[in-house]
Amino acid sequence: MSTPEPYAPYDPSNRLATPQDPHAAARVARLREIGIGDAPIPEFDEFAKSLAHITGAPYAMVNFIDEDRQYFAGLYTQEPDQTGVELPQHAEPGREMPKDHGWCPHVVTRRKAMPLGDVCAYPRFAGNPVIDKLGIRAYLGTPLIDTRTGITLGTICVVDTETRDWGQEGVETIKGMAEQLVRRIHDIEDGRP
């Protein structure tokens with residue numbers, strides 16, 4: 001007797017998987033204006049590391065999204081021996097991911113924090129490819145909203161390979177850190193170290 005799958009397999013033809021994003025072109029133009037592009041930013045890597053430590057998550061990202069893909073300008077991943085987590089074979093979290101993978105595109109279009117304590121408990125999100133590729137089970141993300149233009153620049157997020165209750169404290173923590181990072185992005189734009 002076989003055990004049934006806990007979620008439906010990912011169907012890339014499902015148009016509801018990734019929300020329509022009418023502001024993608026404006027976001028890309030604004031990111032170029034600020035000077036954020038396709039290169040890792042060591043300061044954002046440090047920010048991601050701090051975010052992971054504060055939330056207790058094994059992965060954290062500073063994510064910018066264009067019309068077709070996501071780019072992690074800030075990325076932190078704990079080594080498996082630090083977490084005790086064995087990633088699926090050939091799983092290598094990288095800097096770039098298709099736009100229809102993960103949950104950050106939903107956060108960008110919603111423009112508010114999204115805590116998913118168990119991604120498999122949500123039919124809309126349960127079949128996402130990163131569940132199988134990286135073994136992700138919990139997600140917490142919030143938008144980076146440019147206070148100068150109102151454009152959502154991207155997200156910061158943390159993910160875990162175990163289910164977890166992020167709680168209101170976790171949501172407030174990540175929202176506060178997003179505000180800090182937006183202020184830092186404005187400093188970068190203004191040429192302040």
Side-chain angles (χ1 to χ4, degrees), residues 17-55 57-79 91-116 128-130 133-134 136 139-160 170-193:
T18 304
Q20 292 293 326
D21 183 2
H23 305 289
R27 178 174 42 262
V28 170
R30 179 67 176 133
L31 289 169
R32 287 187 182 131
E33 182 180 304
I34 294 169
I36 296 173
D38 293 354
I41 300 174
E43 182 178 353
F44 289 1
D45 285 341
E46 285 301 314
F47 180 90
K49 181 178 181 179
S50 176
L51 180 59
H53 289 297
I54 288 169
T55 61
Y59 302 102
M61 296 90 170
V62 177
N63 188 7
F64 299 104
I65 302 171
D66 66 21
E67 294 96 335
D68 304 310
R69 68 186 177 100
Q70 304 175 65
Y71 185 77
F72 302 121
L75 177 64
Y76 176 76
T77 63
Q78 289 181 347
E79 295 296 322
E92 296 179 19
R95 293 276 179 180
E96 191 172 316
M97 190 162 64
K99 193 171 180 179
D100 65 346
H101 287 46
W103 301 276
C104 288
H106 296 273
V107 172
V108 165
T109 58
R110 288 168 39 114
R111 295 177 53 91
K112 62 183 183 177
M114 188 167 73
L116 301 172
N128 202 283
V130 297
K133 182 177 179 187
L134 299 176
I136 301 303
Y139 169 90
L140 173 61
T142 198
L144 295 169
I145 299 176
D146 183 358
T147 55
R148 293 179 177 175
T149 65
I151 294 172
T152 303
L153 300 173
T155 68
I156 60 172
C157 69
V158 290
V159 294
D160 203 332
V171 171
E172 293 306 319
T173 296
I174 200 168
K175 286 167 64 175
M177 292 192 74
E179 291 171 5
Q180 290 174 19
L181 188 58
V182 168
R183 286 193 297 271
R184 182 62 193 127
I185 289 169
H186 290 158
D187 288 343
I188 291 168
E189 179 182 26
D190 295 341
R192 290 191 296 265

Could you check if a side-chain atom of Asp160 sits within less than 4.5 angstrom of a side-chain atom of Pro58, using non-hydrogen atoms only? yes
From CA spacing to verdict: side-chain contact (heavy atoms from CB on, under 4.5 Å), Ile156, Phe47: CA-CA 10 Å; Ile156 60 172; Phe47 180 90; 3.9 Å; yes
Would you say Ser50's side chain and Glu46's backbone share a donor-acceptor pair under 3.5 angstrom? no
Residue pairs passing the side-chain hydrogen bond (donor to acceptor under 3.5 Å, both in side chains) test with at least one member in residues 142-151, sequence neighbours excluded, are Arg30-Asp146, Asp146-Thr149, Asp146-His186, Arg148-Glu189, Arg148-Asp190
My understanding is that only residues two or more places apart in sequence, or in another chain, count here; which of them pass salt bridge (charged side-chain N to carboxylate O under 4.0 Å, His left out) with Arg111? none
Side chain to side chain contact (heavy atoms under 4.5 Å, CB included) partners of Glu43, counting only residues at least two apart: Ile41, Arg184, Ile188
Under the rule for side chain to side chain contact (heavy atoms under 4.5 Å, CB included), what residues qualify as partners of Asp66, not counting sequence neighbours? Val28, Asp68, Arg69
Compare every heavy atom of Ile151 with every heavy atom of Ala26, then report the nearest pair and how far apart it is. O-CD1, 3.9 Å
Might you point out which heavy atoms bring Gly170 and Leu140 nearest each other, and give the distance in Å? O-CD2, 3.6 Å
Report the residues that fulfil salt bridge (charged side-chain N to carboxylate O under 4.0 Å, His left out) with Lys175, sequence neighbours left out, ordered by chain and then residue number. Glu172
Atom of Glu96, atom of Phe72 and distance for their closest heavy-atom approach: N-CD1, 4.4 Å
So, do Leu153 and Ile145 sit near enough that their side-chain heavy atoms are less than 4.5 Å apart? no
What is the distance from atom CG of Leu116 to atom NE2 of His106, rounded to the nearest 0.5 Å? 9.5 Å
Under the criterion side-chain contact (heavy atoms from CB on, under 4.5 Å), I'd like the reasoning laid out for Tyr59 against Gln78: C-alpha separation, chi angles, the key distance, then a yes or no. CA-CA 7 Å; Tyr59 302 102; Gln78 289 181 347; over 6 Å; no
What distance do Ile54 atom CD1 and Met177 atom CE have between them, rounded to the nearest 0.5 Å? 4.0 Å
Report the C-alpha separation of Leu51 and Ile174 in whole Å, then their side-chain angles, then the decisive distance to 0.1 Å, and conclude whether the side-chain contact (heavy atoms from CB on, under 4.5 Å) test is met. CA-CA 8 Å; Leu51 180 59; Ile174 200 168; 4.1 Å; yes
Can you find a heavy atom in the side chain of Pro98 that is under 4.5 Å from one in the side chain of Gln70? no
Using a cut-off of 6.0 Å, state whether more than 12 heavy atoms not belonging to Arg32 lie near its atom CZ. no
Tell me, please, which residues at least two apart from Asp21 pass salt bridge (charged side-chain N to carboxylate O under 4.0 Å, His left out). Arg27, Lys99
Closest non-hydrogen contact found for Ala57 with Val159 is CB-O, 3.6 Å
Who pairs with His53 by ring pair (Phe, Tyr, Trp, His ring centres under 6.0 Å), at least two apart in sequence or on another chain? Tyr76
Which heavy-atom pair separates Pro42 from Pro40 by the least distance, and what is that distance? CD-O, 3.7 Å
Residues two or more places apart in sequence or in another chain: which of them pass side chain to side chain contact (heavy atoms under 4.5 Å, CB included) with Cys157? Met61, Cys104, Tyr139
Please report the closest heavy-atom contact between Leu75 and Gly94, naming both atoms and the distance. CD2-O, 3.9 Å
Rounded to the nearest 0.5 Å, how far apart are CZ of Phe44 and CG of Asn63? 12.0 Å
Can you find a heavy atom in the side chain of Phe64 that is under 4.5 Å from one in the side chain of Thr155? no
